[in-house]
> 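One structure, pasted below without further comment.
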Amino acid sequence: MDVPIETRFKVLCEITRAQHFAWREAALALAPHLNPRQLTDRMWEITGIETAKAYLPRIDPKKPLPLQVAQCMAFSSVCMGEDVTVEPGHGDEAFVRHRDCPWFHWHKQRGLLDEDQSGCDTWFRTVVAELNKALTSNLKVETQCSLPAGGDCCLRRIWVERSPC
């Protein structure tokens, strides 16, 4: 069967998302005492730890970190079929803007929007925390707008927090 690579990619991304929700359902069926949001956040935390390890070889600590980290995160998002851009900020900051995201739609269809932003926020925070450990930096990340909260995008600011001294 000759299936174009673009079709295979799109289907694989959808299979990955479907597997996430199947995993969630199975875990909660086997351990119904678990808090669903805590379970999902923990999965994204573990994913964030592994993601940071993958980003480290691509980051040059001698160059501005926020833009590099934002570009790595956007690369991951594009690979998952998300509509994302990186926007440089003022000074030592950068923004990651998701104009659309299949994860948002999957969560919405399942009535799980509270897990959508929470999971993404956990992933972003964990990646940044792990990079800070490895690079001895003081990167910060904050969500300024989100699709699950009714915004027109998910906008995350990444910056280096400087000590006041």
> Check the angle between the aromatic planes of Phe21 and Trp106 and answer parallel, tilted or perpendicular using the 30° and 60° thresholds.
parallel
> Is there a side chain to side chain contact (heavy atoms under 4.5 Å, CB included) between Arg125 and Asp121? Walk through the geometry before answering.
CA-CA 6 Å; Arg125 277 193 308 269; Asp121 286 347; 3.5 Å; yes
> For the pair Thr16 (side chain) and Leu12 (backbone), establish whether a donor and an acceptor sit closer than 3.5 Å, ignoring hydrogens and angles.
yes
> Look at the aromatic rings of Phe124 and His98 and report parallel, tilted or perpendicular, splitting at 30° and 60°.
perpendicular
> Could you grab the distance from atom OG1 of Thr40 to atom NE2 of His107, nearest 0.5 Å is fine?
6.5 Å
> Of all heavy-atom pairs between Leu112 and Arg24, which one has the smallest distance, and what is that distance?
CD2-NH2, 3.4 Å
> Going by atom types only, do Asp100 and His105 share a side-chain donor-acceptor pair under 3.5 Å?
yes
> Taking the hydrophobic residues Ile, Leu, Val, Met, Phe, Trp and Tyr, and joining any pair whose side-chain heavy atoms are under 4.5 Å apart, which ones share a cluster with Val86?
Leu67
> Step by step, work out the side chain to side chain contact (heavy atoms under 4.5 Å, CB included) result for Met73 and Val127.
CA-CA 9 Å; Met73 291 173 163; Val127 169; 3.6 Å; yes
> Apply salt bridge (Lys or Arg N to Asp or Glu O under 4.0 Å) to the pair Lys53 and Glu130, showing each step before the final yes or no.
CA-CA 8 Å; Lys53 290 176 189 174; Glu130 292 297 307; over 6 Å; no
> Side chains of Thr126 and Glu45: do they bring a donor and an acceptor to under 3.5 Å?
no
> Do you know the tightest heavy-atom contact between Asp152 and Leu147?
C-CD2, 3.7 Å
> Return the SG to NZ distance between Cys101 and Lys108, rounded to the nearest 0.5 Å.
13.0 Å
> What is the minimum heavy-atom distance between Glu93 and Trp159, and which atoms define it?
CB-CB, 3.7 Å
> Output the distance between atom CZ (Arg99) and atom SG (Cys154), rounded to the nearest 0.5 Å.
12.5 Å
> Is Glu50 reaching over with its side chain to a backbone N or O of Ile46, donor-acceptor style, under 3.5 angstrom?
no
> Locate the shortest heavy-atom distance separating Glu14 from Pro102; write the atom from each residue and the value.
OE2-CB, 4.3 Å
> With clusters built from Ile, Leu, Val, Met, Phe, Trp and Tyr whose side-chain heavy atoms come within less than 4.5 Å, directly or transitively, what are the remaining members of the cluster of Phe9, listed by chain and number?
none
> If you measure from OG on Ser146 to CG on Asp116, what distance do you get to the nearest 0.5 Å?
8.0 Å
> List the steps and the verdict of side chain to side chain contact (heavy atoms under 4.5 Å, CB included) for Arg42 and Leu34.
CA-CA 11 Å; Arg42 180 66 180 133; Leu34 293 176; over 6 Å; no
> Let's go through Glu115 and Arg37 carefully: what are the C-alpha distance in whole Å and the side-chain angles of both, what is the deciding distance for salt bridge (Lys or Arg N to Asp or Glu O under 4.0 Å) to 0.1 Å, and is it a yes or a no?
CA-CA 6 Å; Glu115 291 181 20; Arg37 185 167 159 183; over 6 Å; no
> I'd like to check Val160 versus Pro66 (side-chain heavy atoms, cut-off strictly below 4.5 Å). Are they in contact?
yes
> Do Lys140 and Arg157 come within less than 4.5 Å of each other through their side chains, counting heavy atoms only?
no
> Could you give me the CA-CA distance, side-chain angles and deciding distance for Asp92 and Arg162, then say whether salt bridge (Lys or Arg N to Asp or Glu O under 4.0 Å) is met?
CA-CA 10 Å; Asp92 211 6; Arg162 306 281 181 209; 2.5 Å; yes
> With clusters defined by side-chain heavy atoms of hydrophobic residues (ILVMFWY) lying less than 4.5 Å apart, directly or transitively, does Phe75 cluster with Val96?
no
> Quick check: closest heavy atoms across Ala70 and Ala94, and the distance to 0.1 Å?
CB-CB, 3.9 Å
> Distance alone, cut at 3.5 Å: any donor-acceptor contact between the side chains of Trp123 and Thr51?
yes
> Applying a strict under-4.5 Å side-chain criterion to I, L, V, M, F, W and Y, I'd like to know whether Val69 and Val84 cluster together.
yes
> Which value, rounded to the nearest 0.5 Å, describes the distance between His90 atom NE2 and Phe95 atom CZ?
7.5 Å
> Look at the rings of His20 and Trp44 and say which category their plane angle falls in: under 30° parallel, 30 to 60° tilted, over 60° perpendicular.
tilted
> When rounded to the nearest 0.5 angstrom, what is the spacing between CD1 in Ile59 and NZ in Lys62?
14.0 Å
> Does CD in Gln144 sit with more than 12 non-hydrogen atoms of other residues, nucleotides or ligands closer than 6.0 Å?
yes
> Is it the case that one hydrophobic cluster holds both Trp103 and Trp23, taking links as side-chain heavy atoms less than 4.5 Å apart, direct or via other members?
yes
> Using every non-hydrogen atom in the two residues, find where Leu65 and Asp60 come nearest and quote the distance to one decimal.
CD2-O, 4.2 Å
> Quick one: list whatever passes side chain to side chain contact (heavy atoms under 4.5 Å, CB included) with Leu56, sequence neighbours left out.
Leu131, Ala134, Leu135
> In the single-linkage hydrophobic clustering (I, L, V, M, F, W, Y; side-chain heavy atoms under 4.5 Å), do Leu139 and Ile49 co-cluster?
no
> Any side-chain donor-acceptor pair under 3.5 Å between Arg156 and Thr143?
yes
> Tell me, with the steps shown, if Gln117 and Phe104 meet side chain to side chain contact (heavy atoms under 4.5 Å, CB included).
CA-CA 8 Å; Gln117 181 176 339; Phe104 165 70; over 6 Å; no
